[in-house]
Amino acid sequence: MTHQAHTFHMVDPSPWPLTGAIAALLMTSGLAMWFHMNTTILLNMGLILMLLTMIQWWRDITRESTFQGHHTPLVQKGLRYGMILFIVSEVFFFIGFFWAFYHSSLAPTPALGGQWPPSGIFPLNPFEVPLLNTAVLLASGVTVTWTHHTIMEGKRPEAIQALTLTIILGLYFTLLQMMEYYEAPFTIADSVYGTTFFVATGFHGLHVIIGTTFLIISLFRQMKYHFTTKHHFGFEAAAWYWHFVDVVWLFLFISIYWWGS
């Protein structure tokens with residue numbers, strides 16, 4: 001076809017969905033082998049393949065949107081709907097963890113000592129590191145909004161500064177949570193309290209790492225003049241995701257750290 005009579009983007013054949021699926025298979029199989037056989041060969045292979053897939057797939061999408069002009073207003077509208085639906089699916093993912101937590105805590109069984117936290121569990125003080133983490137994430141929500149406004153206003157140096165600050169706050173949050181896990185007086189194996197605590201906060205921590213990676217890619221693109229005042233959905237999607245991570249943490253802090261302790 002020499003002429004395209006529509007504004008949709010007909011994506012070229014790509015190997016990256018296949019390599020991504022293989023990487024996911026290797027990582028899940030590798031995790032099982034690591035847990036049961038104490039070998040990390042498959043897991044490392046999966047991580048390397050996933051990293052290579054991410055780099056090359058993001059490279060292709062950047063080329064399509066920034067240099068080839070395939071991301072027309074209609075395509076961007078579809079991407080927005082897709083990102084909204086993805087975030088909705090993530091909301092339901094976390095609802096499952098909150099459901100497990102409240103199911104166990106609102107009516108603790110005799111096996112838990114008939115109380116919450118269960119007998120023998122010493123919970124973390126919510127007004128120490130957890131409160132600091134809450135302040136850090138709320139501050140990062142402010143800085144990512146500041147970044148969005150500066151991009152829309154064409155203030156490039158200020159946008160780079162604000163986005164860098166957001167990334168630093170995200171990395172600081174991850175560091176604080178690692179320290180909290182290291183010093184926690186209970187483990188994931190300590191009754192349903194330990195399980196719900198580490199699974200819910202751990203998956204949130206994973207989402208913070210993913211969101212920080214998303215923002216780092218956006219920072220590189222901003223430094224390379226990829227974003228304009230009207231064409232910056234790559235960053236906008238990252239900002240939406242980051243706000244979602246912020247809101248989930250507020251529910252985690254109030255439910256698990258504060259009320260649950």
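Nothing here was measured: the structure is a model prediction, and the numbers come from that model. Worth knowing before you read on, the calculation uses all heavy atoms, side chains too, and leaves out hydrogens, waters and symmetry mates.
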For [X], look at atom [atom1] and say whether over 12 heavy atoms of other residues, nucleotides or ligands are found less than 6.0 Å away.
X    : atom1 : value
W258 : CH2   : no
F93  : CZ    : yes
I188 : CD1   : yes
F8   : CZ    : no
Y172 : OH    : no
H231 : NE2   : yes

Working note: H232 + R221, criterion side chain to side chain contact (heavy atoms under 4.5 Å, CB included); need CA distance, chi angles, decisive distance, verdict.
CA-CA 10 Å; H232 53 263; R221 295 192 64 195; over 6 Å; no
Non-hydrogen atoms of [X] and [Y] that approach each other most closely:
X    : Y    : result
F122 : F186 : O-CD2, 3.6 Å
W242 : G211 : CZ3-C, 3.6 Å
T187 : F198 : C-CE1, 3.5 Å
I151 : A159 : CG1-CB, 3.7 Å
D246 : G141 : OD2-CA, 3.2 Å
P117 : G260 : CG-O, 3.5 Å

Less than 4.5 Å apart, side chain to side chain, heavy atoms only: is that true for [X] and [Y]?
X    : Y    : result
F244 : E90  : yes
L163 : W146 : no
H149 : K155 : no
M83  : Y241 : yes
T212 : L215 : no
T145 : H243 : yes
V75  : H70  : no
S255 : F98  : yes

Does L49 have any side chain to side chain contact (heavy atoms under 4.5 Å, CB included) partners at least two apart in sequence or in another chain, and if so, which?
T19, I22, A23, L26, T53
[X] with [Y], same ILVMFWY side-chain cluster at under 4.5 Å:
X    : Y    : result
F203 : M50  : no
F86  : F97  : yes
L206 : V199 : yes
I209 : L31  : no
W99  : V192 : no

Is it true that a side-chain atom of [X] and a backbone atom of [Y] form a donor plus acceptor pair closer than 3.5 Å?
X    : Y    : answer
T196 : Y193 : yes
R156 : M223 : yes
Q56  : L52  : yes
H226 : Q222 : no

Dump the intermediate steps for side chain to side chain contact (heavy atoms under 4.5 Å, CB included) on T213 and I216, then the final yes or no.
CA-CA 5 Å; T213 307; I216 289 169; 5.5 Å; no
Residue pairs fulfilling ring-ring contact (aromatic ring centres under 6.0 Å, His included) with at least one residue in residues 19-49, sequence neighbours excluded
none
Any chance you could measure [X], atom [atom1], to [Y], atom [atom2], to the nearest 0.5 Å?
X    : Y    : atom1 : atom2 : result
F197 : Y257 : CZ    : OH    : 3.5 Å
F220 : T62  : CZ    : OG1   : 12.5 Å
L138 : W249 : CG    : CH2   : 11.0 Å
L252 : F101 : CG    : CZ    : 9.5 Å
D60  : I55  : CG    : CD1   : 12.0 Å
E128 : E180 : CD    : CD    : 10.0 Å

Take L137 and L169 through the test side chain to side chain contact (heavy atoms under 4.5 Å, CB included) and record every step on the way to the result.
CA-CA 7 Å; L137 268 193; L169 289 168; over 6 Å; no
With L165, the side-chain contact (heavy atoms from CB on, under 4.5 Å) member among T143, I160, T147
T143
Aromatic ring centroids of [X] and [Y] under 6.0 Å?
X    : Y    : value
W240 : F214 : no
H207 : F94  : yes
F251 : H204 : no
Y102 : W259 : yes

Give me the other members of the hydrophobic cluster that I61 sits in, counting Ile, Leu, Val, Met, Phe, Trp and Tyr linked by side-chain heavy atoms under 4.5 Å, directly or via other members.
W16, W57
